[in-house]
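Ligands are counted one by one from 1 in listed order, and the atoms in each one are counted from 1 as well.
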Amino acid sequence: MVDVILGLQWGDEGKGKIVDYFAPNYDIIARFQGGPNAGHTLYVGGKKVVLHQIPSGVFHENTVNLIGNGVVLDPVTLKKECDTVAGFGVDVRKNMFISQRTHLILPTHRALDKASELQKGNDKIGSTLKGIGPAYMDKTGRNGLRVGDLLDKNFTTSYIRLRLKHQRLLDNFNFQEDITAWEEEFFEAIEFLRSLNVVNGEYFINEGIASGKKVLAEGAQGSMLDIDFGTFPFVTSSNTTTSGVCNGLGVAPQKIRDVMGVTKAYCTRVGGGPFPTELHDETGEELRKLGNEFGATTGRPRRCGWIDLVALKYACMINGVTKVIMTKADVLDQFNELQVCTGYEIDGKETAYIPFQMTRHQINPVLKSFAGWNQDTSKITNPADLPVTMKEYVAFINQFVGANVSHISNGPGRDQIVTV
Ligand code: GDP
Ligand code: IMO
Ligand code: MG
């Protein structure tokens with residue numbers, strides 16, 4: 001049996017915290033896509049930790065963690081993360097496994113990411129510059145190197161061959177930066193990676209399921225950044241939606257039970273691309289300040305706006321969401337008035353559908369107002385104590401989206417969550 005936790009917006013919905021919260025109910029926590037572009041924040045013993053590639057179950061004693069084949073893995077970032085979790089007394093050699101089919105991010109992938117963004121100028125994606133796009137391109141282009149290749153004696157030869165190919169591309173981009181230091185770090189980090197548990201991920205997980213183990217699949221990014229269903233081309237390069245679980249771990253669709261979709265009570269986006277409910281005014285600034293909306297991976301300020309129910313309904317449809325977890329409800333505590341987007345007005349016509357190419361249209365959000373609750377909700381543990389106005393806000397979202405908000409997160413802490 002596999003349950004899934006994934007993002008329903010443009011990422012940073014609070015997936016890390018939510019995975020950490022549910023982890024004790026599972027035996028295996030498995031990341032199925034993305035790479036070091038992700039930044040999942042958790043609090044362990046009151047201390048903040050940001051994980052990029054290590055699954056967010058790593059701090060729980062009775063769970064093991066799998067980095068699935070759908071991930072693109074940067075050994076350099078991984079080594080740093082392993083050092084961080086070791087500082088908390090976690091030995092990843094005991095509780096973390098990596099699929100041999102997982103593709104590697106090479107230093108030249110990072111360089112290519114940077115070169116590509118520079119060439120795009122104002123049309124840049126706003127990539128995290130972690131090499132994600134180029135690494136997935138080498139996967140689908142059938143050139144990439146995988147974790148299992150590290151154990152092959154010809155690895156260095158394969159690396160040099162691919163590096164030369166990348167150099168020709170970098171020359172075309174007229175990319176001049178010296179990446180020798182990145183390569184040194186890389187070779188040091190792959191030595192470390194060779195010492196970790198590399199497994200056949202698809203047998204690992206299916207044999208686990210067959211023996212009754214419970215799996216929680218952890219997504220990165222968000223549904224609106226999905227390569228197929230997101231706001232293309234302003235997306236990431238993987239399937240962030242439920243289908244990504246099947247090919248990112250090697251599990252069959254009928255093994256998937258609950259799909260828990262995480263959404264903020266409002267909305268944010270980092271990087272370029274359409275964001276119909278974005279607020280460019282003081283309210284947007286207030287959301288950024290109160291929600292501390294700065295990227296966990298890049299530190300960039302996140303763009304902020306009201307919750308977009310057109311996009312949320314679409315994301316629930318694509319993912320087959322069975323439960324919605326609403327995070328950062330406490331960030332709205334001080335607002336007198338809240339708004340939700342129930343439609344897009346495009347060329348004078350209202351629609352509740354996501355257009356094929358959002359960037360081609362001027363989209364005006366159709367907004368519905370709600371009264372704010374104007375009280376501190378961050379210490380509430382009992383659902384009966386939630387303000388009536390918050391319940392009305394959530395009930396409307398449930399009804400509009402056809403969803404079921406099962407949990408409301410009311411603070412970054414591990415225990416700040418209310419089951420409704
Ligand atoms: P992820 O990428 O989806 O794991 O989310 P990030 O970690 O990038 O960003 C979520 C941020 O919100 C982090 O700083 C969390 O500590 C914080 N956070 C998560 N849930 C809540 C919540 O319910 N309330 C508040 N105030 N902060 C939260
Ligand atoms: P988590 O898992 C928010 C965004 C980037 C950029 C676009 C493409 O923490 O929610 P990429 O580096 O993937 O080529 O960038 O996607 N992006 C994210 N935004 N949260 C993330 O991950 C993201 N990962 C990528 O800002 O707009
Ligand atoms: Mg994040």
Side-chain angles (χ1 to χ4, degrees), residues 5-21 31-44 47-53 55-56 71-72 74 105 109-110 112-114 116-117 124-137 218-227 230-238 240 261-266 268-275 287 289-303 325-333 376-378 380 407-418:
I5 288 184
L6 46 72
L8 296 175
Q9 299 173 307
W10 280 278
D12 301 328
E13 297 90 349
K15 299 174 291 295
K17 171 196 156 152
I18 301 302
V19 170
D20 178 50
Y21 171 76
R31 260 286 292 275
F32 60 90
Q33 47 70 234
N37 50 349
H40 295 179
T41 314
L42 347 168
Y43 282 83
V44 186
K47 255 180 111 178
K48 179 173 162 175
V49 188
V50 181
L51 296 173
H52 302 285
Q53 305 173 111
S56 303
V71 170
V72 283
D74 184 338
I105 299 180
H109 286 137
R110 281 162 63 193
L112 283 165
D113 203 357
K114 199 167 173 187
S116 162
E117 287 283 78
K124 71 175 184 193
I125 308 294
S127 138
T128 58
L129 303 178
K130 302 291 178 191
I132 304 296
Y136 277 117
M137 278 164 75
E218 174 179 3
Q221 291 80 55
S223 304
M224 299 307 285
L225 288 170
D226 182 277
I227 182 72
T231 47
F232 189 88
F234 296 94
V235 292
T236 190
S237 298
S238 62
T240 58
V262 188
T263 176
K264 282 179 186 167
Y266 50 99
T268 65
R269 171 163 207 170
V270 60
F275 180 5
L287 281 170
K289 199 177 84 207
L290 292 167
N292 192 22
E293 294 296 356
F294 296 89
T297 295
T298 58
R300 291 178 290 178
R302 296 177 182 146
R303 299 155 64 192
I325 321 283
M326 182 182 280
T327 57
K328 305 193 92 160
D330 56 298
V331 174
L332 301 182
D333 281 356
D376 177 5
T377 59
S378 66
I380 296 176
H407 295 76
I408 297 176
S409 169
N410 53 345
R414 229 180 210 175
D415 304 323
Q416 287 176 294
I417 188 160
V418 182

Which N, O or S atom name in Asp12 marks its closest approach to the Mg ion (ligand 3)? OD1

Sole candidate of Val235, Thr240, Thr236 that passes side-chain contact (heavy atoms from CB on, under 4.5 Å) when paired with Ile227: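 Going through Val235, Thr240, Thr236 one by one, the side-chain contact (heavy atoms from CB on, under 4.5 Å) with Ile227 is satisfied by Val235 alone.
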
For atom 12 (O) of ligand 2, tell me which residue out of Thr231, Thr128, Ile132, Val72 has the closest non-hydrogen atom. Thr128

Nearest candidate to atom 18 (C) of ligand 2, where distance is taken over non-hydrogen atoms, out of Val50, Leu225, Leu51: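 The nearest heavy atom belongs to Leu225.
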
Report the part of [X] in contact with ligand 1, treating N, CA, C, O as backbone and CB onward as side chain, heavy atoms under 4.0 Å; options are side chain, backbone, both, neither.
{"X": "Ala296", "answer": "side chain"}
{"X": "Val331", "answer": "side chain"}
{"X": "Glu293", "answer": "neither"}

Under 4.0 Å from ligand 2, counting heavy atoms only, is it the side chain of [X], its backbone, both or neither?
{"X": "Trp10", "answer": "backbone"}
{"X": "Lys15", "answer": "side chain"}
{"X": "Asp113", "answer": "neither"}
{"X": "His40", "answer": "side chain"}

Tyr43: numbered ligand 1 atoms lying under 4.0 Å from its heavy atoms: 16 (O)

Near Ser409, which atoms of ligand 1 are under 4.0 Å from a heavy atom of that residue?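 Reading through ligand 1 atom by atom, the close ones are 20 (N), 21 (C), 22 (C), 23 (O).
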
At the 4.0 Å heavy-atom cut-off, does Gly411 count as touching ligand 1? yes

Evaluate Ala329 for polar contact with ligand 1, using N/O atom pairs at a separation under 3.5 Å. no

Below 4.0 angstrom, N of the basic side chain to O of the carboxylate: do Asp20 and Arg414 qualify? yes

Could you check if a side-chain atom of [X] sits within less than 4.5 angstrom of a side-chain atom of [Y], using non-hydrogen atoms only?
{"X": "Glu293", "Y": "Lys328", "answer": "yes"}
{"X": "Glu117", "Y": "Ile125", "answer": "yes"}
{"X": "Leu225", "Y": "Arg269", "answer": "yes"}

Taking a cutoff of less than 4.0 Å between a non-hydrogen atom of the residue and any ligand atom, is Arg300 in contact with ligand 2? yes

Any chance you could lay out the side chain to side chain donor-acceptor pair (under 3.5 Å) test for Thr377 and Asp330, step after step, and finish with the verdict? CA-CA 6 Å; Thr377 59; Asp330 56 298; 5.8 Å; no

Does any N, O or S atom in Lys15 come within less than 2.8 Å of the Mg ion (ligand 3)? no

